[in-house]
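Structure first, then comments.
Values reported hereafter were calculated over all heavy atoms of this structure, with side chains retained and with hydrogens, waters and symmetry mates removed.
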Amino acid sequence: MRTTWDGMPIHPEKPHGATVVVYRRGRRGLEFLLLHRAHHGPDYEGDWAWTPPSGARQPGETIEACARRELEEETGLRLEPVLTAFGSEDWAVFRSAMKGAAKVILSAEHDRYAWLQAGEAIARCKPELVALPIKMLSEAL
């Protein structure tokens, strides 16, 4: 059975995981939530360091439940993710609009977060595949 970087089992059926692109209408216009991965250390700025909330689907879990769980585990946010057409057979992409002033509460997996406009969010996500859902959603909104 395939496992995540921290040894958790991954659902054998596709899609294997989900990304949730969280956005809001801020003072600077449309902003996207990015998280900075902590498991490589606070100075790590390379590939996979900045990402929207995302994670692997657990055995027996629906992809919708995976998206809700990952979003809440990684950010403390209880939003309803909406499936988009921006994913792939292997990985689903959801969107979720944040309204109001909910507080982001990070898990130990991340050490900081940022609300960024589309261009800056896309530039921070490496490789390009990680940024693609933000790019596609920003063009659709």
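The minimum heavy-atom distance between Arg68 and Leu79, with the atom names listed, is CG-O, 4.4 Å. When all heavy atoms of Phe94 and Leu83 are compared, the closest pair comes out as CD2-N, 3.3 Å. Closest heavy-atom contact between Ser96 and Glu80: OG-O, 3.6 Å. For Pro52 against Val20, the heavy-atom pair with the smallest separation is CB-O, 3.7 Å. The two atoms that bring Lys103 and Leu77 nearest to each other are O-CD2, 3.7 Å, heavy atoms only. Taking all atoms of both residues into account, the shortest heavy-atom contact from Ala92 to Ile63 is CB-CG1, 3.6 Å.
Cluster membership for Val93 and Tyr23, using ILVMFWY side-chain heavy atoms within less than 4.5 angstrom, is shared. At a threshold of 4.5 Å between side-chain heavy atoms, the hydrophobic network of Ile, Leu, Val, Met, Phe, Trp and Tyr places Met136 and Trp91 in two separate groups.
Here CG of Leu116 is found 4.5 Å from CZ of Arg124. Values are rounded to the nearest 0.5 Å. Atom-to-atom distance recorded for Leu30:CG and Ser138:OG is 7.0 Å, nearest 0.5 angstrom. To the nearest 0.5 angstrom, Leu33 atom CG is 10.0 Å from Thr51 atom OG1. Interatomic distance, CD1 of Ile122 versus NZ of Lys135, reported as 6.5 Å (0.5 Å rounding). Note that CZ of Arg37 and NE2 of His110 are 4.5 Å apart. Values are rounded to the nearest 0.5 Å. Leu129 CG to Ser88 OG: the interatomic distance, rounded to the nearest 0.5 Å, is 7.5 Å.
Taking Trp115 as the reference, nothing meets the side chain to side chain donor-acceptor pair (under 3.5 Å) condition, with sequence neighbours excluded. Qualifying side chain to side chain donor-acceptor pair (under 3.5 Å) partners for Arg69, counting only residues two or more places apart in sequence or in other chains: Glu61, Glu73.
Judged purely by atom type and a 3.5 angstrom limit, Glu70 has no side-chain atom pairing as donor or acceptor with the backbone of Ala18.
Counting only heavy atoms from C-beta outward, the side chains of Pro133 and Thr84 never approach each other to under 4.5 Å. Using a 4.5 Å heavy-atom threshold, the side chains of Leu141 and Arg25 count as touching. Between Phe32 and Val21, the closest side-chain pair of non-hydrogen atoms falls below 4.5 Å.
More than 12 heavy atoms of other residues, nucleotides or ligands shown are found within 6.0 angstrom of CZ on Arg28. Within 6.0 Å of CD on Glu89 lie no more than 12 heavy atoms contributed by other residues, nucleotides or ligands.
Sorted by first then second residue, the salt bridge (Lys or Arg N to Asp or Glu O under 4.0 Å) pairs that include residues 50-60, not counting sequence neighbours, number zero.
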